[in-house]
2 protein chains.
Amino acid sequence: MNIGEASGRSGLPAKTIRYYEDIGLIRPDRSDNGYRDYGADDVHKLRFLHRSRSLGFSVEECRQLLALYEDKSRASADVKDIAATKLTEIDRKIRELTELRRTLEHLVHACHGNERPDCPILEELSEG
Amino acid sequence: MNIGEASGRSGLPAKTIRYYEDIGLIRPDRSDNGYRDYGADDVHKLRFLHRSRSLGFSVEECRQLLALYEDKSRASADVKDIAATKLTEIDRKIRELTELRRTLEHLVHACHGNERPDCPILEELSEG
DNA sequence: TATGAACCTTCCTGTTACTGGAAGGTCAAG
DNA sequence: CTTGACCTTCCAGTAACAGGAAGGTTCATA
């Protein structure tokens, strides 16, 4: 498929997809006319990149995650180390998002119009 | 407190804290010697910024969240709209992180050394 | 067959959100 | 009174894109 369809299916702008090729994250085929030609596997990777980027992982971290995902010898120790590290990070992110969610919900439902110094939520914002 | 301590307590580099002042996210006092002087409230905001940035919110989104947090008239409709939108985004992020977590755990525990085409996890990576 | 819209290509510039470093002022300790 | 660890501003560089120009491709329609 062409870049437009890959863009539609992955949610990433075509510009970004070309950029990811520039920095070596993906390597699509080329058709005879010179157009990039993406397969289902490429779209999987692009969706994966779209997600992990939007969740606050850097491009270099995404590169590691992709390598993990592509690595043929998954049993190797360092690959497992990277995965374990990422798991810890993911758990932290989930915890922080949950707290942020709780805080926002308080802001909307509980704290309707109170002046700031009286509001106990202000403290919660910075804890953890 | 000086910027060094604010940096230590918030987890943000001093450089970044100065940048956030440049773009108007925070407004610390100044001591007589010209040094920036941060209060507990500033540190709260900085920790908040540190978190929400690392969770994939843009600086402009963080500015909205901060405004929400500072707004004296929290009952206003548009403030509630912004909060509701952010809550939806947060829920999506939590779902995606949970899926990513599951996938990584499979990669580490279940899929030890299989060749790629045989591994059912590859499909999971792009769904949702 | 041609012409126009909707694709695609590369290349170059601009933006966002920092990051590093130079040049120099401030402060507490020895 | 100097040394080292702070702090200041300013300017340049990087990361991760985004916008747009200039031009080739494809396909439906006149």
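Just so you know, these numbers use all the heavy atoms, side chains as well, and skip hydrogens, waters and symmetry mates. All chains are named by letter (A, B, ...) in the order of the sequence lines, taking the proteins before the strands, and each is independently numbered beginning at 1.
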Nucleotide D:dC17, atom P - distance to CD of A:Glu21 in whole Å: 15 Å
Residues A:Glu89, A:Lys86; criterion salt bridge (charged side-chain N to carboxylate O under 4.0 Å, His left out); working and verdict: CA-CA 5 Å; A:Glu89 280 177 52; A:Lys86 295 301 170 199; 3.6 Å; yes
Nearest-angstrom distance from the residue atom CZ of B:Arg53 to P of D:dA15: 16 Å
By side-chain contact (heavy atoms from CB on, under 4.5 Å) - contacts of A:Arg101 (at least two apart): A:Glu105, B:Leu87, B:Ile90, B:Asp91
Salt bridge (charged side-chain N to carboxylate O under 4.0 Å, His left out) against B:Arg30, all qualifying residues, sequence neighbours excluded: B:Glu21
Span of DNA chain C, from the first to the last nucleotide whose atoms fall under 4.0 Å of chain B heavy atoms: C:dA17 to C:dC27
Sugar-phosphate, base or nothing in reach of B:Arg36, heavy atoms under 4.0 Å: sugar-phosphate
Sugar-phosphate only, base, or nothing, as touched by B:Arg18 at under 4.0 Å among non-hydrogen atoms: base
Touch class at under 4.0 angstrom, heavy-atom based, for A:Ile23 against every strand present: nothing
Atom-pair distance (NZ on A:Lys15; C1' on D:dA21), nearest Å: 10 Å
B:Arg30 side chain near D:dT9 phosphate (N/O to OP1/OP2, under 4.0 Å): yes
Dump the pairs, protein N or O against N or O of nucleotides 26-29 of chain D, anything under 3.5 Å, distances to one decimal.
{"unit_1": "D:dT26", "atom_1": "OP1", "unit_2": "A:Asn33", "atom_2": "ND2", "d": "2.9"}

Side chain B:Asn2, main chain B:Gly4, donor-acceptor under 3.5 Å: no
Between C1' of D:dT25 and CD1 of A:Ile3, the distance in whole Å: 15 Å
Contact under 4.0 Å: A:Thr16 side-chain N or O vs D:dA18 OP1/OP2: yes
B:Arg9: side chain to side chain donor-acceptor pair (under 3.5 Å) partners, not counting sequence neighbours: B:Glu5
Of A:Glu5 and B:Ser58, the one whose closest DNA chain C nucleotide lies more 5': A:Glu5
Partner set under side-chain contact (heavy atoms from CB on, under 4.5 Å) for A:Lys93, not counting sequence neighbours: A:Phe57, B:Leu55, B:Leu97
Residue list, side chain to side chain donor-acceptor pair (under 3.5 Å) with B:Arg63, at least two apart or on another chain: B:Glu60
Phosphate-side-chain proximity, A:Tyr19 and D:dA15, N/O vs OP1/OP2 below 4.0 Å: no
A:Thr98: side-chain contact (heavy atoms from CB on, under 4.5 Å) partners, not counting sequence neighbours: A:Ile94, B:Ile94
Sequence-distant partners of A:Ala14, side-chain contact (heavy atoms from CB on, under 4.5 Å), two or more places apart: A:Ile3, A:Arg18
Whole angstrom value for the distance that separates C1' of D:dT14 from CD of A:Glu60: 13 Å
